[in-house]
Amino acid sequence: MMNDVKAVKKQVLATSKQWIASFNNGDINGCADAYRPNAVMDARPVGQFIGRKAILDFWQQFVQSTGATDLVYKDVSIEVLDEHNAVLSANWQMNVGRGYISRELWQRQESGQWLLGEDDFTVVEQF
């Protein structure tokens, strides 16, 4: 089981880093594709977005209106729930603000791909 935990953490961290790279490269479609079709995103204090299309619309509007880039995760923690589910939490910062991620629920699909089922983050400060 210990090797499984290490493997899951490594896979989730790599997938999370790919999401960050997509965001920083302005590939919002790539970001949205990392969510399950029925994912739920709580973007505090903005609101809740349900489904990949609503999440895509949020990220497109956010990036276009703010010019957000340079996203960095700090103090990353990954809790492995089982071989198919892991929760990532972290502090985040970018050029337009900072905050924290309470819960990114990464779920391994039958294909082996990891997708976000839940995304719960808070904006603490806007620059």
Side-chain angles (χ1 to χ4, degrees):
M1 180 61 183
M2 190 58 180
N3 285 340
D4 292 344
V5 169
K6 286 182 179 181
V8 168
K9 285 185 176 186
K10 185 176 180 179
Q11 292 166 10
V12 168
L13 188 58
T15 304
S16 174
K17 286 181 177 182
Q18 180 56 53
W19 191 97
I20 294 167
S22 293
F23 184 89
N24 287 336
N25 290 329
D27 179 10
I28 302 309
N29 287 319
C31 292
D33 287 345
Y35 290 86
R36 293 185 57 175
N38 60 346
V40 176
M41 183 175 79
D42 285 303
R44 302 169 200 279
V46 180
Q48 185 177 77
F49 303 87
I50 300 173
R52 191 180 283 159
K53 173 76 169 88
I55 292 168
L56 171 65
D57 291 346
F58 167 83
W59 285 121
Q60 282 182 325
Q61 192 279 329
F62 175 75
V63 170
Q64 288 172 354
S65 67
T66 65
T69 189
D70 302 327
L71 175 62
V72 176
Y73 283 13
K74 298 179 180 179
D75 305 318
V76 175
S77 173
I78 299 173
E79 177 187 0
V80 177
L81 305 178
D82 58 40
E83 65 271 15
H84 298 285
N85 297 279
V87 174
L88 181 147
S89 58
N91 293 314
W92 60 265
Q93 185 167 338
M94 63 178 76
N95 64 323
V96 296
R98 66 179 182 84
Y100 61 90
I101 299 163
S102 305
R103 180 178 175 89
E104 282 185 357
L105 175 63
W106 289 95
Q107 301 178 302
R108 185 186 349 231
Q109 309 305 293
E110 286 187 21
S111 66
Q113 180 183 23
W114 287 89
L115 295 177
L116 280 163
E118 298 173 20
D119 188 1
D120 187 342
F121 65 92
T122 301
V123 178
V124 173
E125 181 180 10
Q126 291 182 314
F127 305 147

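In this text, all values refer to a predicted model and were calculated from it rather than measured experimentally.
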Subject >> Residues in salt bridge (Lys or Arg N to Asp or Glu O under 4.0 Å) contact with Lys53, at least two apart in sequence or another chain >> reply: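 By the salt bridge (Lys or Arg N to Asp or Glu O under 4.0 Å) rule, Lys53 matches Asp57.
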Original post:
Listed by chain and number, what are the salt bridge (Lys or Arg N to Asp or Glu O under 4.0 Å) partners of Asp120, not counting sequence neighbours?
Top reply: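 Expected list: Arg44.
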Original post:
Side-chain heavy atoms under 4.5 angstrom apart, residues restricted to Ile, Leu, Val, Met, Phe, Trp, Tyr: same cluster for Val46 and Tyr35?
Top reply: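 Yes; Tyr35 is reachable from Val46 via cluster members.
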Shortest non-hydrogen contact between [X] and [Y], atoms and distance:
| X | Y | answer |
| --- | --- | --- |
| Leu88 | Ser16 | CD1-OG, 3.7 Å |
| Arg103 | Val87 | NH1-CG2, 3.5 Å |
| Ile20 | Leu71 | CG2-O, 3.4 Å |
| Ala86 | Val8 | CB-CG1, 4.0 Å |
| Gly97 | Phe127 | N-CD1, 3.4 Å |
| Ser89 | Ser102 | CB-O, 3.8 Å |

**OP:** Quick one: pull up OG in Ser77 and CD1 in Ile101 and give me the separation to the nearest 0.5 Å.
**Re:**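 The distance works out to 11.5 Å.
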**OP:** Please round to the nearest 0.5 Å and tell me the distance separating atom CD1 of Ile55 and atom CG of Asp119.
**Re:**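 If I round to the nearest 0.5 Å, the distance is 7.0 Å.
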**OP:** Kindly indicate, with the supporting measurements, whether the criterion side-chain contact (heavy atoms from CB on, under 4.5 Å) is fulfilled by Ile28 and Gln64.
**Re:** CA-CA 10 Å; Ile28 302 309; Gln64 288 172 354; over 6 Å; no
Original post:
Of the options Gln11, Gln113, Glu83, which is the one that meets Arg108 in a side chain to side chain donor-acceptor pair (under 3.5 Å)?
Top reply: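 It is Gln11; the other options fail the test.
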For [X], check side-chain contact (heavy atoms from CB on, under 4.5 Å) against everything at least two apart and list the hits.
| X | value |
| --- | --- |
| Gln107 | Arg36, Asn85, Leu105, Gln109 |
| Val40 | Asp42, Gln48, Ile50 |
| Ala32 | Arg52, Leu56 |
| Val72 | Lys74 |

Original post:
Does the pair Tyr73 and Leu13 meet the rule for a side-chain contact (heavy atoms from CB on, under 4.5 Å), with working shown?
Top reply: CA-CA 11 Å; Tyr73 283 13; Leu13 188 58; over 6 Å; no
**OP:** Could you tell me which residues satisfy ring pair (Phe, Tyr, Trp, His ring centres under 6.0 Å) with Phe49, sequence neighbours excluded, listed by chain and number?
**Re:**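 Result, ring pair (Phe, Tyr, Trp, His ring centres under 6.0 Å) vs Phe49: Phe58.
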Subject >> Residue pairs passing the ring pair (Phe, Tyr, Trp, His ring centres under 6.0 Å) test where at least one lies in residues 83-107, sequence neighbours excluded >> reply: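 Matches after skipping sequence neighbours: none remain.
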List for me each residue that meets side-chain hydrogen bond (donor to acceptor under 3.5 Å, both in side chains) alongside [X], sequence neighbours excluded, and say none if there are none.
| X | result |
| --- | --- |
| Trp19 | none |
| Asn29 | none |
| Asp70 | none |

Subject >> Gln126 CD: over 12 foreign heavy atoms closer than 6.0 Å >> reply: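 Counting other residues, nucleotides and ligands, CD of Gln126 stays at 12 neighbours or fewer.
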**OP:** Evaluate the criterion side-chain contact (heavy atoms from CB on, under 4.5 Å) for residue pair Ile78 and Lys9; output intermediate values, then yes/no.
**Re:** CA-CA 6 Å; Ile78 299 173; Lys9 285 185 176 186; 3.9 Å; yes
Subject >> Step-by-step side-chain contact (heavy atoms from CB on, under 4.5 Å) determination, Gln18 to Trp114 >> reply: CA-CA 11 Å; Gln18 180 56 53; Trp114 287 89; over 6 Å; no
Subject >> Hydrophobic cluster of Leu115, others only, ordered by chain and residue number, side-chain cut-off 4.5 Å >> reply: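 Under the 4.5 Å side-chain rule, Leu115 groups with nothing.
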